Enquirer: 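Below is a structure I'd like to ask you about.
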Amino acid sequence: MQIPYTVETRPDTGLHNSKLGIWLFLASEVMLFGALFSSYILLRINSPDWPAGHEVLNVPIAAFNTVVLISSSITVLLAWGAVKFNEFKKFRLYLGLTILLAFVFMIAKAYEYNAKFSHGLYPSTDNFLGIYFTLTGLHGLHVVGGLVVMIYFWGPGSGMFHSEPKHFADRIEVAGIYWHFVDLVWIFLFPVLYLL
Amino acid sequence: MSLKAFHVFFILISILMTTLVVGWSVRAFKMTNDMSHLGFGCLFFILGLGLTGYAVKILKDVGRNGTGGES
């Protein structure tokens, strides 16, 4: 028996299964990150000596990572467009660039973490570093999750491009929506943690 | 919401973020007279300008072709 509404849209919601699923999932993610942002605000307003983020953290690296993630949001959109226009080489190029940018982000993040640890700064050092490592660590895990999915679609999963192009385009769109959410979280994290 | 519509929303939020960073840089420069803050602000000003140009381009495209999704 074939599962209904994997490609065609449901008449009542106007959505196919995967798009409805990703938005429900992202709603739960908003609650997760929202709870952590609320924790950050509560910790900060109740702390008598909260440090300025730019005095503790590496702002140039975070700014570089911001540009990297904004660029990756453009390349993932281009990858989806290439699938819709049936251009396999361009799809591989743009999704490959997105994967590369995600790796660059993670390498820069690892460098930043390593610098903190080498200076004896750990999540247990104080509340600021505790919430910094929690928020950026959780965000980093989401980047790794996105990387796994995109590497699958770039490599072994790309066979569907030729066999079921509409279904594949929907999958890339849903992966792209997830990736944009991950980028959006960073757009909030960067000024909140590093500048304010 | 399609990926294209979400992308437009993301770019608009990113432009707001660059504005905030430029404001922070100018404030930090006034307080410390450190030129690196001003340079940092200039970089984000250029990024914001680039993103605004890109947003205009993509919004025109959305106006012509829609968001490319069913909803």
Side-chain angles (χ1 to χ4, degrees), chain A residues 5 7-11 13-16 19-20 22-23 26 52-55 59-60 62-64 66-67 69-81 83-85 166 169-192 194-196, chain B residues 1-62 64-71:
Chain A
Y5 309 120
V7 177
E8 75 279 17
T9 57
R10 279 181 68 106
T13 62
L15 300 167
H16 50 79
K19 198 182 267 187
L20 183 63
I22 194 71
W23 281 113
L26 292 185
H54 61 95
E55 289 169 3
V59 178
F64 170 74
T66 305
V67 175
L69 283 191
I70 291 173
S71 306
S72 77
S73 78
I74 296 170
T75 54
V76 81
L77 180 78
L78 290 171
W80 177 55
V83 177
K84 292 196 91 161
F85 287 104
K166 173 76 175 79
D170 290 343
R171 285 185 164 195
I172 296 300
E173 184 182 14
V174 164
I177 288 172
Y178 169 80
W179 191 249
H180 272 69
F181 174 79
V182 173
D183 295 352
L184 194 60
V185 169
W186 180 259
I187 293 297
F188 283 101
L189 282 180
F190 170 57
V192 167
Y194 290 80
L195 303 183
L196 299 179
Chain B
M1 189 190 274
S2 72
L3 174 58
K4 202 170 179 181
F6 196 31
H7 182 70
V8 171
F9 173 73
F10 171 74
I11 294 297
L12 294 178
I13 295 290
S14 300
I15 293 168
L16 282 177
M17 182 273 299
T18 58
T19 311
L20 184 81
V21 174
V22 170
W24 176 86
S25 305
V26 171
R27 187 171 162 269
F29 171 69
K30 279 182 180 170
M31 286 167 69
T32 60
N33 270 334
D34 184 351
M35 287 299 284
S36 67
H37 284 133
L38 206 58
F40 185 68
C42 285
L43 284 176
F44 267 80
F45 181 72
I46 293 166
L47 177 66
L49 278 184
L51 284 174
T52 306
Y54 174 70
V56 169
K57 185 173 170 283
I58 203 161
L59 280 169
K60 277 184 184 168
D61 182 57
V62 168
R64 274 196 307 270
N65 305 318
T67 56
E70 65 276 7
S71 61

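Small disclaimer: the values here were computed from a predicted structure and weren't measured. Order of the sequence lines sets the chain letters (A, B, ...), proteins ahead of strands, with each chain counted from 1.
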Enquirer: Tell me, out of F6(B), Y54(B), F40(B), who's got the most heavy-atom pairs with chain A below 4.5 Å.
Expert: F6(B)
Enquirer: With a 4.5 Å cut-off on side-chain heavy atoms, are Y5(A) and L15(A) touching?
Expert: no
Enquirer: Which heavy atom in I15(B) sits nearest to a heavy atom in G48(B), and how many Å separate them?
Expert: CG1-O, 4.4 Å
Enquirer: Between D183(A) and I70(A), is any pair of side-chain heavy atoms under 4.5 Å apart?
Expert: no
Enquirer: Could you have a look at T66(A), V67(A), V59(A), I74(A) and say which one has the most heavy-atom pairs with chain B under 4.5 angstrom?
Expert: I74(A)
Enquirer: Pick one of side chain, backbone, both or neither for L51(B), based on which atoms fall under 4.5 Å of a heavy atom in chain A.
Expert: side chain
Enquirer: Please determine, among T18(B), I11(B), V21(B), I58(B), the option with the most heavy-atom pairs under 4.5 Å with chain A.
Expert: V21(B)
Enquirer: Please state whether the side chain, the backbone, both or neither of W23(A) comes within less than 4.5 Å of a heavy atom of chain B.
Expert: side chain
Enquirer: Below 30° counts as parallel, above 60° as perpendicular, anything between as tilted: where do the rings of F190(A) and Y194(A) land?
Expert: tilted
Enquirer: Taking the side chain as every heavy atom from C-beta outward, state whether F10(B) and S14(B) have any pair of such atoms under 4.5 Å apart.
Expert: yes
Enquirer: Work out which heavy atom in A55(B) is nearest to a heavy atom in L12(B); give both atom names and the distance.
Expert: CB-CD2, 4.4 Å
Enquirer: Any sub-3.5 Å donor-acceptor pair from H7(B)'s side-chain atoms to L3(B)'s backbone N or O?
Expert: no
Enquirer: Heavy-atom pairs under 4.5 Å with chain B are the metric here; pick the option from L195(A), V174(A), L184(A) that has the most.
Expert: L195(A)
Enquirer: Is it the backbone or the side chain of L43(B) that comes under 4.5 Å from a heavy atom of chain A, or both, or neither?
Expert: neither
Enquirer: Out of F188(A), W179(A), F181(A), which one racks up the most heavy-atom pairs below 4.5 Å with chain B?
Expert: F181(A)
Enquirer: With only heavy atoms counted, which part of I13(B) is less than 4.5 Å from chain A, the side chain, the backbone, both or neither?
Expert: both
